[in-house]
Amino acid sequence: MTTSSSSNEDFFQFADALDAPVADDDAIPPSPWRILIIDDDEDVHQATLFALKGLILFERPLLFLHAYSAAQAKEMLLHETDLALVFLDVVMETPDAGLQLVGFLRHQAKLNATRIILRTGQPGYAPEHETLLRYDINDYKTKSELTHHKLLTSVTASLRAYDQLQIIEAGRRGLELIVNCSGGFLNQNDLRDFAAGVITQMAALLRTGTEGVVCAHHNDDDAPYTIVAAAGRFLPCISRTLAELDDPKISKLLGTALLDRASHFSKYETVLYFGDQKGWAMATYVATRTPLQSVDQRLLSVFSVNLSSALRNFGLVEKLHNDAYVDALLLLPNRTSLIESLSKMLLSAPSDDVLALVDIDDFAEVNDLMGHAYGDQLLKAVGKCLADEFGGDVRVARVSSDSFGLLGSSQCISYERIKHSLDRRALVAGQPHLVSVTVGMAPRSPEVHNGIDWLKDAGIALKYAKRSHRGRFAVYSQDMAQVARQRALMLEGLHKAFGDGHLFMVYQPQVNLRTGQLIGLEALIRWRTSTGVYIPPDQFIPVAEQSGLIVAMGDWILQTACRDMQLLKDQGLAHCHMAVNVSVVQFQAEGFLNRVVHALQTHHLQPRDLELEITESVAMLGREVVDQVLTQLRDLGVAVAIDDFGTGYSSLSYLEQLPVDRIKIDRSFVLKLAGPGGPRIAEMITELGHKLELKVLAEGIEDGTTWLALRGMGCDEGQGYFMSKPLALSDLMVWLVQWPAQFSAMDLL
Ligand code: C2E
Ligand code: MG
Ligand code: MG
């Protein structure tokens, strides 16, 4: 072995005297130190080569690159990533070409660790001390100092400095990767970043090149061990299974470490195991150029303990993440997760993606009728059908209790495909359950800038579909948004009107069609805005229902109608009932029965003075609600009428069991009496009502002919403009007094 300086004895040797370790089968051939000589004088290149040829420093050979002008050097520097040292001539094309090149090397080529030895022929061109500091230049030599010994000392010091800078940099990068994903493994990419950070950090600790494999495994699943990160020659193996790693020896070492949950150290190989008892387990393989020292082993053990605790934290974070982003019942991504996906998608290049909201029709009814356990199973079945059909390219999420979100290319998502996925395939308790869904779709639009707004658009389309295309679908449009905005404005106005007393009640008389005698008064609400415009209840009642305002409003209606009834009774004007319309939402609200009782008591009315008009949708709410409320009303003595009969979808057998007193034939059927098809439906309803021993009242009688036709078919009672429009209380009082005479004059008997 030939050594040159005693102080450098430990660090370098010449190639012709290599020691055994480098030749060891296990060792990776060491990569050379890359050194660039920049000089316009060919002799200087040759002299440098001659002085340093065949040298091995810190077990790595030297590789020389040559540039003969600053321009050529710039070109080369831009392509270098691991340049250890530059010998740089100060005077080339211009007197300071070399010095300018230093700036280029640091700033443009971004080679911050590369060491620089400046050389000049004339001592007068020596750079100032300040320049040496500013550009981080290692050494400065005149060309006369190109002797073997001086060069060797200088090169050795520079390469050692370069190596240390590299280690610090690699360590910093590795830590950065690890720290960056310390928020937890939110997805597979984070796990990869963490693992890549581990390789880089280990390589820095072991002062070796970044070359290694990380294999990870989640203790909860049966999937094979997978390679999550790799560097150097192993790079192509990422995402393969451990068995597919094309080096069986390394594969075996990693597998054993994962099974034994233990690290393994040999002379040139380190397999570091770190894991969390329950969650992730990882094993990292790194080959070293130099035999592992015991101090390195200790360092790695400490490192491994730290990583294990990091993984444990990740396990916790992963669980928290799951709780926040995964629906616990269906194990599908939840609303929050979908919104994040939508927002992320909006950051990517424009695409034809569409968001579909799939809402199960009448889910609440199924839940009420069949019980919550059945409801849960139905949801699971629908979730599975959708995931089976669309899984993969389409993201399937549960957005609310009975609605799902599908996000993906519009080529993949269509209403037909959604329907098809559910046809006969939704099995609940082994039995097929016919599922009807309504779908709202919102294609990606340049006007939408975040996930919440996108979801809102799909929600608007769904609401629209629910109202007018139930069991089918609607695609979001600007018009729908306009309607939704108008509804929001209407709700705001309604709140204000309710508070400011701009709502009032009117009453429409109901009479016996045979005797003309008054049998009831229907209370109908009116909204007159401050500008004098009347807004029809058909428009604002649904808005009040959707917002829940109807509960407070309905209570006020009940109180007002009862108060006015008491007034009429006190004056001896009304020997009949007061009929009050009740919305489904009101009916279902807690304490409804108590409110009714309270209104009666407050105004000293008897239960028989009151009738509640419900629609068929109330009747369809399900046994539980009906039994609880309708039966109790009946027991109390309050009458119940089914309003707008024939327009809903209640089954006849069900109707038979309902505790009600009266059915009201909807005005649309009364209107048709004179048309083709004529009185058929009105007759059928009348007959049905009588079979069930119910009174039958026809709405919308506008003339005497209609009155007579209805009476002719046996219809008991009626109301309509022919008798009277709905009237304010004072007008009603006048009407009540005049009516008997008016009826006689009609000569309908
Ligand atoms: P409804 O309960 O079926 O009320 C009957 C509707 O028919 C009333 O419309 C009434 O003014 C109208 N009408 C009565 N006779 C005739 C006629 O001969 N010809 C014509 N063209 N129309 C007639 P209104 O007051 O606009 O109410 C519409 C609907 O709004 C009501 O239908 C009811 O569903 C709802 N509504 C009205 N007031 C209330 C209320 O106080 N509470 C609740 N929950 N809903 C209400
Ligand atoms: Mg009514
Ligand atoms: Mg009606």
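Computation of the quantities below employed the complete heavy-atom set of this structure, encompassing side-chain atoms and omitting hydrogens, waters and symmetry-equivalent molecules. Every number for a ligand or one of its atoms is a count from 1 in the order of the listing.
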Lys664, portion touching ligand 1 at heavy-atom distance under 4.0 Å: neither

Carboxylate-amine/guanidinium proximity below 4.0 Å for Asp716 and Arg514: no

Criterion side-chain contact (heavy atoms from CB on, under 4.5 Å) on Val511 and Trp739, from CA distance to verdict: CA-CA 10 Å; Val511 301; Trp739 172 245; 3.9 Å; yes

Side chain, backbone, both or neither: Asp643 near ligand 1, heavy atoms under 4.0 Å: side chain

Intermediate values then yes/no, side-chain contact (heavy atoms from CB on, under 4.5 Å), Met578 and Glu611: CA-CA 6 Å; Met578 172 62 81; Glu611 179 168 281; over 6 Å; no

Per-atom contacts, ligand 1 versus Pro726 - under 4.0 Å to a heavy atom: 11 (O)

Euclidean distance, Leu378 CG relative to His433 NE2, rounded to 0.5 Å: 4.5 Å

Side-chain donor or acceptor of Trp454 paired with backbone N/O of Ala442 under 3.5 Å: yes

Proximity to ligand 1 by part of Asp644, non-hydrogen separation under 4.0 Å: side chain

Flag for Ser436-Asp361: side-chain donor and acceptor within less than 3.5 Å: yes

Geometry at the Mg ion (ligand 2) - Asn581 OD1 versus Asp643 OD2 angle, rounded to 10 degrees: 90°

Structural part of Asn581 in contact with ligand 1, heavy atom criterion under 4.0 angstrom: both

Over-ring placement of Arg528 relative to Phe504, 6.0 Å and 45° cut-offs: no

Side chain, backbone, both or neither: Ile557 near ligand 1, heavy atoms under 4.0 Å: side chain

Whether Arg526 lies under 4.0 Å from ligand 1, heavy atom: yes

Residue portion contacting ligand 1 (non-hydrogen atoms closer than 4.0 Å) for Glu522: side chain

Contacting atoms of ligand 1, where contact means under 4.0 angstrom from a heavy atom of Ile701: 18 (O)

N, O or S from Glu522 under 2.8 Å to the Mg ion (ligand 2): yes

Proximal atoms of ligand 1 relative to Glu699 (non-hydrogen, under 4.0 Å): 3 (O)

Minimum-distance atom from the Mg ion (ligand 2) among N, O or S atoms of Glu613: OE1

Contact partition for Pro536 relative to ligand 1, non-hydrogen atoms under 4.0 Å: neither

Atom indices of ligand 1, in the order listed, that fall short of 4.0 Å to a heavy atom of Gln508: 14 (C), 15 (N)

Polar side chain donor-acceptor pair, Gln510 to His577, under 3.5 angstrom: yes

Aromatic ring pairing Phe473/Tyr415, orientation class (parallel under 30°, perpendicular over 60°, tilted between): parallel

Nitrogen or oxygen atoms of Ile541 and ligand 1 under 3.5 Å apart: no

Numbered atoms and elements of ligand 1 in range of Pro537, under 4.0 angstrom, heavy atoms: 24 (P), 25 (O), 26 (O), 27 (O), 28 (C), 30 (O), 37 (C)

Phe743-Trp707 aromatic ring centre distance below 6.0 Å: yes

Distance (rounded to the nearest 0.5 Å) between Leu636 CG and Leu600 CG: 7.0 Å

N-O pairing of Lys664 and Glu717 below 4.0 Å: no

Atoms of ligand 1, numbered as shown, that sit under 4.0 Å from any heavy atom of Gly720: 15 (N), 18 (O)

Residue-ligand contact Gln719/ligand 1, heavy atom below 4.0 Å: no

Min heavy-atom dist Gly700 to ligand 1 below 4.0 Å: yes

